[in-house]
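Heads up, the thing below is written out as structure tokens.
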Amino acid sequence: MTSPLFTKDTQAVFWNNNKKAIQRMLDYDFIISRVKPSVAAIVHPTGQSSFQKFFFGNHEILIPVYLTTEEAVKNHPQAEVLINFASYRTAYNVTVDALRFDSIKTITITAEGIPERLTRLLNHKARIAGKIIIGPSTVGAIVPGSFKIGNIGGSVDNIIRSKLRGKGCVGLVTKSGGLFNEMCNVISRRTSGIVEGVAIGGDRYPGSSFAEHLIRMDKYPEVKFHVMLGEVGGTSEYKVIEAVQNSNITKPVIAWCIGTSAQYLSSEVQFGHAGAKANAELEQAYAKNNAMREAGIIVPEKFNLLPKVIKDMYAKVLRKKQSDIAEEVEEEVISPLPEDFNEAFKQGRIRKPTNFVCTISDDRGEEAVYAGVPISRVALPDTGYSIGDIISLLWFRKRYPKWATDFLETVLKTVADHGPAVSGAHNARVTARAGKDVVTSLTTGLLTIGPRFGGAIDGAAKYFKYGLDHNFTPREFIAYMKEKGIPIPGIGHRIKSVKNPDLRVSELKRYARENFYDTKLLDYALKVEEKTTAKKGNLILNVDGTIGVLMVDLWKGLKYKDVEINQYIEGGTLNALFVLGRSIGFIGHILDEKRLNMPMYRHDTGDVLYKVSMAEEIK
Ligand code: ACO
Ligand code: LMR
């Protein structure tokens, strides 16, 4: 291989839905002007969706999500890299599974903590399968200007600062991912940057070694020298020495093995990585530094001198006047990566007008609140809050006194049901018998509520209030409504009448008389009723009408202004009481049908007067 591990066309299958890491790859794609997203597919075995949305520059793209690697590979045979972001528990199985796919050439393993026995087995299988493994416990690899794995290189700012967008001359290998970024930074300040970089990972048995990567990079014409950052523990630096001695690595290698302080510490000290522990004298950092120095590798006296050594080497390379080395990396103008909206918003750098205003509840804190009152303070019986209180909080943003919340509850209980024959219950039952679900059947029942059935409450409140506000006598009021051509909402009933009084109405009236400050509008409506029932016995003040006028009396008692009352009435607030209460009954009827498992209902044709004549033909 005489060219870097990845190209601008390289694509990966990303195992695990790690949105941040994937987005970072795609952001990198944007700043290096890639045409194809570097992530072709995501494998997410527990995922629900078949696509995941990401930004590619300033527009969004969908990346397909699969349940298995097999599916992803089958659908994206061009993807050569598997980025294994599985946890240490599954990383082994995911990697072994991926080894069987010809199209996958390189596998990176992020997980830290895979048992060493399994890692060795894995490495063995990978060698047989001819795959390059980077990791475990790695941040990955990068070929600046072409492709990067996951989070390597850090933030976009860091990537730009560290010249990780291309045109470098150094081959870089490290163990650690954090120090990889640090080395990129050091190298970028003294040279034109790196050509390729690999963090082999901090485990004791990495899937690929320093030597393997350096031998490969040595063959790239654009690599002029190498930098290697090893660490205490393990012997892989000795393989590099061997490769230098065997002329498998021919270009200068600058190296340093960190952890030289380990020799001054008591034995058995393990640094951050699983592999960063010297099990023998030759695994000590100072011993490896000495051995490398003796073998002709450029090892500075101390770590602090590494930048200077790199700088000197670059100067030497430049002196050779190698045409493909850029003396000064010209700062190309790149369009800035669009900021993530949520992040920028959180930091207060941008503002946006809201589309909705909510004044009744808030779910942003630790606990959602109803008009400022946390749910836990209203939910249980011992809180003293009733359903009437919850309605007053969420519908009216006030906590009403008990006589008023008791009235709201009385209304709900009163209208909860009126048997199976009323329009809405009938429709709900017919719908349930047609095999429809509870929500649909309930909705059918609710849609029946209107000016004639159950939905006359707002109208009653509106018109009776209008009549009283305008000092109409009952006779004038009836005449006014007649002139308008509107049956008085809240007057009339199909089966209830003077002779067969609606006891629901009697009880509501009794409650109001005993508990309200005043029942002025009720009294007015009853005077109207005297006149209408004089005409016809069923033109009583019905349950809708009674609720409507009493709600106005209630609000007046709570000192609501006329304008507020009118606003609530116009908004349909009072019919909502019927909707809420009657839903209880409709649901009961629907469940009854389901329980009885009655067949589909078809109306008796004998109950229909058919009068169909031949349609007139219009010529
Ligand atoms: N205002 C004035 N006159 C009325 C009203 C009314 N609200 N309702 C009926 N009438 C008159 C009719 O104009 C008709 O007069 P006519 O004989 O001189 O022609 C006569 O009474 C009979 O009318 P119908 O429509 O046959 O009366 P019905 O008993 O069928 O109507 C109904 C009952 C639908 C409730 C009707 O009274 C009405 O529309 N009322 C207003 C709406 C209303 O309040 N609905 C809620 C009912 S309660 C509930 O659903 C929970
Ligand atoms: C009801 O509460 O549904 C009724 O008053 C209507 C009816 O027809 O009985």
Side-chain angles (χ1 to χ4, degrees), residues 409-431 441-442 444-468 472-509 521-522 524-552 569 572-590 592:
E409 289 196 6
T410 303
V411 168
L412 297 183
K413 288 190 267 182
T414 302
V415 302
D417 191 33
H418 210 228
V422 305
S423 322
H426 173 83
N427 282 347
R429 291 193 90 114
V430 170
T431 310
S441 308
L442 171 64
T444 314
L446 294 178
L447 289 175
T448 319
I449 296 171
R452 291 184 185 159
F453 165 68
I457 311 183
D458 285 301
K462 173 179 168 172
Y463 286 112
F464 282 113
K465 182 172 182 296
Y466 184 86
L468 184 64
F472 289 165
T473 64
R475 202 177 290 283
E476 284 169 342
F477 176 67
I478 293 168
Y480 168 78
M481 294 302 288
K482 195 166 179 186
E483 198 185 294
K484 275 188 109 53
I486 307 171
I488 303 165
I491 289 286
H493 199 275
R494 262 293 159 88
I495 57 169
K496 295 295 174 188
S497 64
V498 178
K499 288 205 181 107
N500 172 26
D502 190 337
L503 296 182
R504 298 174 296 177
V505 171
S506 321
E507 289 301 288
L508 287 169
K509 287 196 289 201
L521 195 58
L522 171 70
Y524 179 69
L526 290 175
K527 289 211 183 83
V528 173
E529 184 194 37
E530 276 173 26
K531 301 279 176 243
T532 53
T533 49
K535 183 181 169 198
K536 210 162 175 258
N538 76 328
L539 293 183
I540 53 162
L541 180 66
N542 61 33
V543 71
D544 276 16
T546 310
I547 295 168
V549 294
L550 282 179
M551 278 303 295
V552 175
I569 293 172
T573 312
L574 301 181
N575 287 346
L577 283 170
F578 192 89
V579 168
L580 184 60
R582 191 51 65 92
S583 293
I584 301 172
F586 288 164
I587 292 170
H589 286 289
I590 296 158
D592 200 30

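Both ligands and their constituent atoms are indexed starting at 1 by order of listing. Start at 1 with the first residue, then count along the sequence.
Atoms of ligand 1 lying under 4.0 Å from at least one heavy atom of F453, given by number and element, are 50 (O). Residue F453 has at least one heavy-atom neighbour below 4.0 Å for each of these atoms of ligand 2: 3 (O). Residue contact check: V543 has heavy atoms under 4.0 Å from atoms 51 (C) of ligand 1.
The nearest heavy-atom contact from the protein to atom 27 (O) of ligand 1 is N538 ND2, 4.5 Å. Protein heavy atom in closest approach to atom 46 (C) of ligand 1: R452 O, 3.2 Å. For atom 3 (O) of ligand 2, the closest heavy atom belonging to the protein is R582 NH1, 2.9 Å. Looking only at heavy atoms of the protein, atom 5 (C) of ligand 1 is closest to L539 CD2, 3.7 Å. With respect to atom 7 (C) of ligand 2, the closest heavy atom belonging to the protein is V422 CG1, 3.5 Å. At the shortest separation from atom 20 (C) of ligand 1 among protein heavy atoms lies K536 CD, 4.0 Å. For atom 35 (C) of ligand 1, the nearest protein heavy atom (residue, atom name, distance) is G492 O, 3.6 Å.
Inclusion of R494 in the set of residues having an N or O under 3.5 Å from an N or O of ligand 1 is warranted. Any N or O atom pair closer than 3.5 Å counts here, and G490 shares at least one such pair with ligand 1. Considering backbone and side-chain atoms together, H493 places an N or O closer than 3.5 Å to an N or O of ligand 2. Inclusion of I491 in the set of residues having an N or O under 3.5 Å from an N or O of ligand 1 is warranted.
Of the protein's heavy atoms, at least one falls inside 4.0 Å of atom 40 (N) of ligand 1. In this structure, atom 32 (C) of ligand 1 is not in close contact with the protein, since no protein heavy atom lies within 4.0 Å of it. For atom 14 (C) of ligand 1, the nearest protein heavy atom lies 4.0 Å away or farther. The nearest protein heavy atom to atom 9 (C) of ligand 1 is closer than 4.0 Å. There is a protein heavy atom less than 4.0 angstrom from atom 18 (O) of ligand 1. Distance check for atom 24 (P) of ligand 1: every protein heavy atom is found at 4.0 Å or beyond. The protein reaches atom 1 (N) of ligand 1 closely, with a heavy atom under 4.0 angstrom from it.
The backbone N or O of Y480 sits nowhere less than 3.5 Å from a side-chain atom of E483 that would complete a donor-acceptor pair. A donor-acceptor distance shorter than 3.5 angstrom exists from the side chain of T532 to the backbone of L539, with no hydrogens or angles considered. Remark: side-chain polar atoms of N575 are paired, donor with acceptor, to backbone N or O of I457 under 3.5 angstrom. The backbone N or O of I540 sits nowhere less than 3.5 Å from a side-chain atom of E529 that would complete a donor-acceptor pair. No side-chain donor-acceptor contact under 3.5 Å links S497 to the backbone of H493. Between the side chain of D544 and the main chain of A456, a donor-acceptor pair closer than 3.5 Å is present. Remark: the backbone N or O of N542 is paired with a side-chain donor or acceptor of T546 at under 3.5 angstrom.
At least one heavy atom of R504 lies less than 4.0 angstrom from ligand 2. Distances shorter than 4.0 angstrom occur between a heavy atom of K535 and an atom of ligand 1.
Within 6.0 Å of the NZ atom in K509, the count of heavy atoms belonging to other residues, nucleotides or ligands exceeds 12.
Scanning I488, D544, N542 for the heavy atom closest to atom 44 (O) of ligand 1 points to N542. The residue from S423, G545, P451, G454 that puts a heavy atom closest to atom 49 (C) of ligand 1 is G454.
Here the OG1-CG distance, from T448 to L446, works out to 8.0 Å after rounding to the nearest 0.5 Å. Note that NZ of K413 and CZ of R504 are 15.5 Å apart. Values are rounded to the nearest 0.5 Å. Rounding to the nearest 0.5 angstrom, the gap separating the NZ atom in K462 from the CD1 atom in I569 is 9.0 Å. A distance of 6.5 Å separates CG in L503 from NZ in K496, rounded to the nearest 0.5 Å. Atom CZ of F578 is separated from atom CG of D458 by 12.5 Å, given to the nearest 0.5 angstrom. Between atom CD1 of residue I587 and atom CG of residue D417 there is a gap of 11.5 Å, rounded to the nearest 0.5 Å.
Using the six-membered ring where Trp is involved, Y466 and F472 have ring planes that are perpendicular, over 60° apart on the 30 and 60° scheme.
Proximity of I478 to ligand 1, defined as any heavy-atom pair under 4.0 Å, is not found for any part of the residue. When heavy-atom distances to ligand 2 are checked against a 4.0 Å cut-off, H418 comes that close only through its side chain, counted from C-beta outward. At a 4.0 Å heavy-atom cut-off, ligand 1 touches P487 through backbone and side chain alike.
Ring-centre distance between Y463 and F477: not below the 6.0 Å cut-off.
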